[in-house]
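Working notes, structure below.
Worth saying up front: this structure is predicted, and the values here are computed from it rather than measured.
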Amino acid sequence: MKKSDSSSRCGLLAAGNWIIDQVKTIDVYPQRDHLANIRSQSQGTGGAAYNVLVDLARLKAPFPLMAAGMVGEDELGRLIQEDCRRHKIGTRHLQSTPLTTTSYTDVMTEQSDGHRTFFHHRGANALWKGAGLDFGKTRARIFHLGYLLLLDALDEPDAKYGTKAAAMLCRAQAAGLKTSVDAVSEDSDRFTQIVPPALRYTDYCILNEIEAGKSTGFTIREANGSLNTAALRHAAGALLQSGVRELVVVHFPEGSFARTRQGEDFWQASLKVPDKLIAGTAGAGDAFAAGVLLGLHEGWVMPKCLLTGVCAAAASLSHPTCTAGVKPLSATLKLAQQFGERKLP
């Protein structure tokens with residue numbers, strides 16, 4: 001098939017993890033064999049594909065949104081399908097399977113500071129291989145895939161491309177789509193085996209500081225908690241050297257950093273959201289990615305893309321679930337004036 005001009009395309013197709021989060025706000029994270037009290041519980045979206053698409057819908061993105069992945073033939077799977085329809089997200093490529101259940105995560109959010117711990121059931125996400133996903137039949141402009149390291153079938157080795165995910169990204173690029181990837185902050189040594197192959201077929205790489213560091217071997221966060229900005233810049237450069245075609249964006253609590261293939265660097269501080277307004281930090285990274293992808297789709301300058309990302313992340317903090325706090329774009333951008341920006345390191 002002849003590669004088409006991405007400028008004639010419109011919309012974002014997000015594929016990967018589809019998860020229902022059971023978010024429990026707890027008074028304290030307990031030591032083993034000890035007890036913690038659940039203060040409240042709520043249910044919401046989880047996973048890169050699900051969160052990013054719902055965030056874009058809540059931001060009122062002016063382009064089509066499309067889903068790809070797999071859920072179980074169960075109550076949670078039906079809930080996800082209905083939620084997509086409610087947000088006007090196309091579900092043609094969101095498959096269901098009777099072989100296992102829909103993926104879910106128990107998210108333990110500490111009441112004092114919003115820090116969270118995840119207990120995850122991989123479920124249907126582990127089986128999805130992208131069968132039937134024909135990039136030649138979509139008019140989407142951007143294909144966003146996440147999370148690498150949490151999609152068992154796509155993380156498997158591939159003799160030609162390195163991983164099955166890399167092969168999928170190659171097909172998307174060959175069909176004329178811009179590709180974007182995200183990973184999960186897993187405590188393992190698998191990053192250097194799974195992430196680099198995908199980067200060779202990635203246009204936009206959006207990772208947090210943990211994922212960027214583990215993928216490149218740089219220590220971005222020092223033992224004393226400070227951000228090593230020199231290591232951060234080196235990590236972004238290493239990701240570009242691994243094959244990312246256009247842009248690397250690394251986000252962290254203090255803000256974000258972007259480096260382009262042309263060597264341009266951009267910094268954007270996060271917003272000073274008061275602690276009393278933070279209900280939970282789950283989903284902030286995906287909200288940031290959604291804001292950046294919105295700007296990239298619309299052709300905005302990089303400073304506006306990053307500002308939209310940090311504003312969307314700030315909005316997400318207002319609710320314990322991943323996406324319910326995100327507001328329409330105009331209200332989201334007003335948060336920058338309401339809270340102001342932190343001082344970058």
Side-chain angles (χ1 to χ4, degrees), residues 16-17 19 46-49 51-52 105 107 115-120 122 125-126 144-158 161-166 168-169 179-245 247-259 265 267 270 281-289 292 309 313 322 345:
N17 294 102
I19 302 167
N51 288 342
V52 165
T105 302
V107 183
H115 285 290
R116 67 265 197 252
T117 305
F118 304 94
F119 297 85
H120 180 61
R122 296 169 106 86
N125 291 323
H144 181 63
L145 179 63
Y147 303 114
L148 302 178
L149 290 99
L150 201 58
L151 293 163
D152 294 30
L154 291 181
D155 289 336
E156 290 180 356
D158 181 274
Y161 297 97
T163 65
K164 301 298 184 184
M168 176 180 287
L169 291 162
T179 57
S180 167
V181 298
D182 195 359
V184 72
S185 299
E186 178 183 88
D187 186 11
S188 78
D189 58 0
R190 298 195 303 148
F191 281 81
T192 54
Q193 287 77 47
I194 291 176
V195 176
L199 298 182
R200 292 194 288 270
Y201 307 101
T202 295
D203 293 290
Y204 315 129
C205 176
I206 306 174
L207 302 176
N208 68 26
E209 71 199 79
I210 298 170
E211 298 148 3
K214 284 183 173 291
S215 297
T216 60
F218 287 96
T219 302
I220 296 175
R221 183 71 62 178
E222 301 288 1
N224 64 4
S226 64
L227 190 73
N228 186 329
T229 56
L232 173 59
R233 292 192 295 270
H234 287 314
L239 291 167
L240 284 166
Q241 290 174 4
S242 294
V244 177
R245 291 188 177 184
L247 175 70
V248 167
V249 181
V250 182
H251 57 93
F252 38 91
E254 298 91 339
S256 59
F257 171 74
R259 175 168 289 181
D265 288 353
W267 293 89
S270 60
T281 57
D286 289 325
F288 173 84
V292 172
C322 289

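- Taking CZ of Arg190 as the start and CG of Leu150 as the end, the distance is 8.0 Å to the nearest 0.5 Å.
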Worked check of side chain to side chain contact (heavy atoms under 4.5 Å, CB included) between Leu247 and Val249: CA-CA 7 Å; Leu247 175 70; Val249 181; 3.7 Å; yes
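- For the pair Asn208 (side chain) and Ser185 (backbone), a donor-acceptor distance under 3.5 Å is absent.
- Between Thr179 and Thr202, the shortest heavy-atom contact is OG1-CA, 3.1 Å.
- Residues Pro197 and Ala166 share a closest heavy-atom pair of O-CB, 3.5 Å.
- Among all heavy-atom pairs drawn from Leu199 and Val181, the shortest one is CD2-CG2, 4.2 Å.
- Every residue meeting the side chain to side chain donor-acceptor pair (under 3.5 Å) condition with Asn224, not counting sequence neighbours, appears here in chain and number order: Ser226.
- Panel note: side chain Ser215, backbone Phe191; no donor-acceptor pair is recorded below 3.5 Å.
- For the salt bridge (charged side-chain N to carboxylate O under 4.0 Å, His left out) condition, the pairs that include at least one residue of residues 192-209, sequence neighbours left out, are Glu209-Arg221.
- Counting only heavy atoms from C-beta outward, the side chains of Leu232 and Phe252 approach each other to under 4.5 Å.
- A donor-acceptor pair is defined here as one N or O able to donate and one able to accept, closer than 3.5 Å; no such pair exists between the side chain of Thr281 and the backbone of His115.
- Within the 4.5 Å cutoff, the side chain of Leu154 has heavy atoms near those of the Leu145 side chain.
- Using cut-offs of 30° and 60° for the angle between ring planes, the His251 and Phe288 rings count as tilted.
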Verdict with reasoning, Leu149 to Ser188, per side chain to side chain contact (heavy atoms under 4.5 Å, CB included): CA-CA 10 Å; Leu149 290 99; Ser188 78; 4.2 Å; yes
From CA spacing to verdict: side chain to side chain contact (heavy atoms under 4.5 Å, CB included), Asn17, Val184: CA-CA 10 Å; Asn17 294 102; Val184 72; over 6 Å; no
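- Between the side chains of Asn125 and Tyr147, no donor N or O sits under 3.5 Å from an acceptor N or O.
- Heavy atoms only, all atoms of each residue included: Ser270 and Pro253 are closest at OG-O, 2.7 Å.
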Working for side chain to side chain contact (heavy atoms under 4.5 Å, CB included), residues Ile220 and Leu227: CA-CA 6 Å; Ile220 296 175; Leu227 190 73; 3.7 Å; yes
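- For Asp182, there are no side chain to side chain donor-acceptor pair (under 3.5 Å) partners, not counting sequence neighbours.
- A distance of 4.0 Å separates CG in Asp155 from CD1 in Ile194, rounded to the nearest 0.5 Å.
- The side-chain hydrogen bond (donor to acceptor under 3.5 Å, both in side chains) contacts involving residues 228-237 comprise Glu222-Asn228, where partners must be two or more places apart or lie in separate chains.
- Interatomic distance, CG of Leu169 versus OG1 of Thr163, reported as 7.5 Å (0.5 Å rounding).
- Partners of Ser242 under the side chain to side chain donor-acceptor pair (under 3.5 Å) rule, at least two apart in sequence or in another chain, do not exist in this structure.
- Expressed to the nearest 0.5 Å, how far CD1 of Ile19 lies from CG of Asn51 amounts to 8.0 Å.
- Between Val107 and Ala282, the shortest heavy-atom contact is CG1-CB, 4.4 Å.
- When the side chain to side chain donor-acceptor pair (under 3.5 Å) test is applied to Ser180, the partners found at least two apart in sequence or on another chain are His144.
- Residues Leu148 and Ala165 come closest through the heavy atom pair CD2-CB, 3.9 Å.
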